[in-house]
**Q** 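I'd like to ask some things about the structure below.
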Amino acid sequence: MIPHAPILAIVLPLFAAFLMPVVGILARRRGIKRAREWFAIAAVLVELVIVVSMLPVVWGEQILVYQLGGWQPPWGINLAIDGLNLFVAVIVAGISALVVIYSFVCMERDTGLDQYYTLLFLILAGMMGVALTGDIFNLYVFFEIMCISSYALVAFRRKWQSIEASIKYLIVSSLGTSFILLGIALLYGMVGSLNIAHLAQKLPLEPTSAIIVPLALFVTGFGIKIAMVPLHMWQPDAYQAAPSAVAALFSGATATIGIYAMVRVVYTLFGAFAIGIMLAALGLVTMVLGALMALTQRDLKRLLAYSCISQIGYVLLGIGLGTVLGVQGGLFHLFNNAIYKTMLFMIAGAIIYRVGTSNMDRLGGLWKNMPVTAMLFGVGALAISGVPPFNGFASKWTIYVAGIEAGQPVFTIIALIMSALTLAYFLKALNSIFLGQRPTHLKNVKETPLFMLFPIVLLAALCVIFGVLPQLGIDIVRPAQEALMNSGGYISAVLGGA
Amino acid sequence: MAGMTVIVRTIARLLFPFTFIFGAYIVLHGHLTPGGGFPGGVIIAASVVMLFLAYGIERAQKRVGFLHAEVLESVGGLAIVVLGLFGLLLGITFLQNVFPLGTLGQLFSAGNLPLLYLGVGIKVAAGLILIFYAMLFAFRGGEE
Amino acid sequence: MDFNYIIAMLLVALGLYCLLLKRNLIKIIIGLAVLTDGIHLFLISLGYRAGGIAAIVSGEMLSDLSGFAARAVDPIPQALVLTSIVINICIVAFALSLAIYSYRHYGTLDPSKLRRLKE
Amino acid sequence: MVSESVLFGPGFWGPVVATAALLLITAVGWLILIGGRRITKAKPSAGKIQTYACGETLKAEEAHVDSEQFFSTISRVFRPFYRYVRPGHTGVLSTYLFWVVVGLIIILAAIAVVLR
């Protein structure tokens, strides 16, 4: 492990964010082209190396506790990293690295890229902070950093779509974060501590009626971020209007962070494994609504956004079941969802880059022009619908089996039907975009640029690898699942191991 | 914006040094009295914005341009992060104090805390000026 | 009497009312600010102690630290509120600039007119 | 990694075996396709490639399925959903906020019921 890796993982993106305008100005003075892009790629790769370097330690059944300023918990702020934190951090760092590489070409026609990369690194710093911190107020602050940067990124192009989506997203999400703040205030008034482990220790083991209100406030606040029904309505607008690279980052990384924060607070902090059944039911509703709404969309990015809602429903269902298999399946599905949803948004971005629209009524027959992209889209569509031999099958199957084992066969049946609907709307998208007759104005569309294709191919390869070798994915997920189910270990590691 | 009348300009010009120094005082005494980087930075930004309003944006832009504010904001942020990394390199943890502590109640005391507040003050002042500029551009920026 | 808790909850309720029922973006943003301020008041009230002193150690306090700890108000909520105020300033500033932009694009501040993305 | 079969509940699923089988079947299908083309030569003409529209000539732009009505049969199965839930997605900000508050109340009630 790199020494001081936990704090470096948060500080490095911040450093890069503040350095970015300076780099941009210097590059313009000296006339160096694309300096900030290369700088961004270098920074994000270093970040990935830092995060990955923590893997061997944490997988060796250890919990890293890093005390800021040398103060011991519960007085000082600390970073506590167990399997779940690191699992999420690795997803976030990996997806961000691919998105930065993708932005190299995807965003080249935009102006004001200094601000774009600054915001991208701020959002990365916020996500890393949420993923690694062990302090509930710190979590809130980093969550807000992430949210504010994401509002700005949605509005980045300043067209009417972006402004409308961004202001809706801002107001809804700010209401959610103020709920979280209120929840933190209630908890502080009740217990008088802000450390997650300390709070978990001091809260009653059997949940009492006093904690219902803060628990509901937290679930609602984080539920807005992951677009749980009925708090999902901002999401299609935001994903449709955001630049494709940003939408890829949101669907892959930010949604993962939302799930992590919710699970951490509900399971570790409150120890409320009992409300898992509520999360599963909400996940079921989320899944059904997302799939049915996606079925009738005209815009590819809006369809993908609803599909994102639907997939988050699967994750909630798996995690909410609360059994070992269910949590494994849910987290594995979270991992897979980050892979193929990012990939599909990147393909949508490639189509917009070459054609200029993502309205499916104006597209058609593009496989003659972009055969590789069409094939990759097919891989993504099959993976997300849970068709073997791709990774979606393994995680969805785990969730189905977990549903039956937990004594909820109805959940499994509905999830199966929704999986079929997923395939249906992706076939529609495939048919409308790549098959059929090609309108004459699309005759001269070229294949996606190679540099843009590289992250997509990498993600597609991951789809196949985790589909053919699902045991590998389960092995990756297992430390996270064990960490999530073993909140006592977390508490004693943070409070006792100092 | 063309600027305001002579009365406003004169008073703004007379008031500016006092406001600015008051803000700087709050920033520098952040470790001794209530206040600190954020309120001080807001006061400094307010003094500059007052000049903007009195003299009109064109003249103000020559003094504190958009670019200046942007660079200053980055420098403030970098100062905070670099101070933290300093603690990481020389001390034990992030933001660990590495400077002499001094005596309690003196201006030059409390290790790296005043420097930290200075960084925060610069960042906040520049950031608020940037926000002011951004809103101004939103108002006047014509058709894209 | 704990008037400050009642007033904090009233402010939250007022903010929610503004958010839900006002038909003007600027008023909605004001509602958001009022709601957050209600939460801030709530947080500050948690750390308040009647007749307490500010939690700043000055020269003469050093000799009597335990007495200081017994009399000072809880500083943590104040730190939290300061952080939250800074965050809230960012949100409100950003929301107002977005409102300016949306007025330029749509010619209205009515949120029910901002629905072109739907179609 | 060795082709380790995974036991998911009752039953057997060997991912590597299944993938190999899928690839094999794809290859066989492709061979049949190629063989079929060998035996009967395709004779494409403009009339055969055109989408049939009762004798009318369609331009390529017009021969596109409307993506909203693409699955009208499935939408008919879920008719109550499309009649009652879909119009709820109005795109109006106040509706979003209303649903956030309603969601909070629902979650509050659900947690209260579950924890009792």
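When reading the values below, keep in mind they use all heavy atoms of this one structure, side chains included, and skip hydrogens, waters and symmetry mates. Letters go in sequence order (proteins before strands), and every chain restarts at 1.
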**Q** Looking at B:Phe20, I want to see if its CZ is surrounded by more than 12 non-hydrogen atoms of other residues, nucleotides or ligands under 6.0 Å.
**A**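 Count not over threshold, so no.
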**Q** Counting only heavy atoms not in B:Leu14 (residues, nucleotides, ligands), do more than 12 fall under 6.0 Å from its CG?
**A** yes
**Q** Out of A:Val22, A:Asp114, A:Leu19, which residue meets the side chain to side chain contact (heavy atoms under 4.5 Å, CB included) rule with B:Ser74?
**A**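 So, applying the side chain to side chain contact (heavy atoms under 4.5 Å, CB included) to B:Ser74 and each of A:Val22, A:Asp114, A:Leu19, only A:Val22 qualifies.
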**Q** Between A:Ile25 and chain B, which part of the residue has a heavy atom less than 4.5 Å away: side chain, backbone, both or neither?
**A** side chain
**Q** Distance from A:Phe18 atom CZ to B:Lys123 atom NZ, nearest 0.5 Å?
**A**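 Atom-to-atom, A:Phe18:CZ and B:Lys123:NZ are 4.0 Å apart.
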